[in-house]
Amino acid sequence: MSAHPPPVAPRPAATLLLLRDGAAGLEVLMTARHEEAGFAAGALVFPGGKVDPVDAALIGFCPDVPALDEAALVLRIAAIRETFEECGILLARGGGILLTGALLATLLDRHGASDAGFAALVAAAELELATDDLVPYAHWITPVDRPKRFDTHFFLAPAVHDQIAVHDGREAVDAVWMTPASVLAGADAGRIKLVFATRMNLLKLARSATVADALAAARGAPIVTVTPVIEKTTGGPFVHIPEAAGYGGARFAAADIPRA
């Protein structure tokens, strides 16, 4: 009989790296997690979260893309829903037109989204979720020794014109646009808390100068699943990930990197 219990099964999750071209270069939308949040408390993260049963019910509100099966669509729907719930940005079309900030505000006033759930808003407004605008970027599974595990798919998408990010005040207590380099610099200086997966995906994103560059790079790169393995040494802990995942190495010092 094994002395160790079996690993916790990871829960399906989706994360969205929403991108725009700013004055200082490529920017990504980051949210600050509440200090009492159950996952990544106090850290700066990308919008995202667990897949919800309602996501599968919204498949009929997505454009028909033959290459995407039901599981792939549900992950993209979850990424869009979580971004809307946490940041108020909705990647969707109304009447075939991608929602601008003004169009979204009109819909929210008309359909009372503060009281209705996400699915009710989508149905009432007859929206088409812009799942076809999301580009697969990465796939990370929480290490097997963690008590809370997620099977997370990361996506990239260009920002919507003039939609304004507003945090939900519960899980997220801030929503900010930052260049990947500035987030990493803040983390290195101790001003920003990053979990390992966020840090590594920021490092990869920092190689791109523009939104177009980032999307093109993601479309041209294979998705290699990453399940970090922690190695404890006399020199401190190290994290092992697949070299083929494209993060510029396979072994990284884990000192000062919080594990959610």
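Predicted model only: the values in this text are computed from it and were never measured.
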Has the side chain of Asp109 got a donor or acceptor atom that lies under 3.5 Å from a matching backbone atom of Thr106?
no
What's the spacing between His240 NE2 and Ile230 CD1 if we round to 0.5 Å?
8.5 Å
Which heavy atom in Leu107 sits nearest to a heavy atom in Ala125, and how many Å separate them?
CD2-CB, 3.9 Å
Between Arg76 and Leu134, is there a donor-acceptor pair closer than 3.5 Å when you use the side chain of the first and the backbone of the second?
yes
Taking Thr142 for the side chain and Phe150 for the main chain, is one N or O donor matched with an acceptor at less than 3.5 Å?
yes
Does the side chain of Thr225 reach to within under 4.5 Å of the side chain of Ile141, using non-hydrogen atoms?
yes
Closest contact, heavy atoms only, Ala157 versus Leu91:
CB-CD1, 3.8 Å
Thr15 side chain near Asn201 side chain, heavy-atom distance below 4.5 Å:
no
Backbone of Thr210 reached by a side-chain donor or acceptor of Asp21 within 3.5 Å
no
Is the side chain of Asp151 donor-acceptor paired with the backbone N or O of Pro10 at a distance under 3.5 Å, no angle test?
no
If you define the side chain from C-beta out and look only at heavy atoms, does anything of Phe61 sit under 4.5 Å from Glu128?
no
Tell me whether the rings of Phe118 and Phe84 are parallel (<30°), tilted (30 to 60°) or perpendicular (>60°).
tilted
With a sphere of 6.0 Å drawn around CZ of Arg207, does it hold more than 12 non-hydrogen atoms of other residues, nucleotides or ligands?
yes
Ring centers of Tyr247, Trp140 separated by less than 6.0 Å
yes
Going by the rule side chain to side chain donor-acceptor pair (under 3.5 Å), which residues pair with Arg20 if we only count those two or more places apart in sequence or in a different chain?
Glu27
Is Arg11 close to Val51 at the side-chain level, that is, under 4.5 Å between some pair of heavy atoms?
no
Minimum heavy-atom separation for Ala56 to Val74, with atom names?
CA-CG2, 3.8 Å
Is the cationic atom of Lys204 (NZ for Lys, CZ for Arg) positioned less than 6.0 Å from the six-membered ring centroid of Tyr137 and within 45 degrees of its normal?
yes
Under a 3.5 Å distance rule, please check whether Asp69 uses its side chain to pair with a backbone N or O of Ala72 as donor and acceptor.
yes
Find out if a path of hydrophobic residues (ILVMFWY) with successive side-chain heavy-atom gaps under 4.5 Å connects Phe154 to Leu203.
yes
Backbone N/O of Val8 and side chain of Arg149: donor-acceptor pair under 3.5 Å
yes
Report yes if the side chains of Val54 and Arg81 come closer than 4.5 Å at any heavy-atom pair, otherwise no.
yes
If every non-hydrogen atom of Val160 is compared with every non-hydrogen atom of Leu99, which pair is closest and at what distance?
CG1-O, 2.5 Å
Is it true that atom CD1 of Ile223 has more than 12 heavy atoms of other residues, nucleotides or ligands lying nearer than 6.0 Å?
yes
Using a 4.5 Å cut-off on heavy atoms from C-beta on, say whether the side chain of Ile59 contacts that of Glu70.
yes
In short, Gln163 meets Leu104 closest at the heavy-atom pair OE1-CD2, 3.4 Å
Specify the closest pair of heavy atoms between Val224 and Ala245, including all atoms of both residues, with the distance to one decimal.
CB-CA, 3.7 Å
If we only count heavy atoms from C-beta on, is the Met178 to Ile192 side-chain gap below 4.5 Å?
yes
Looking at side-chain heavy atoms only, is the closest gap between Leu18 and Val28 below 4.5 Å?
no
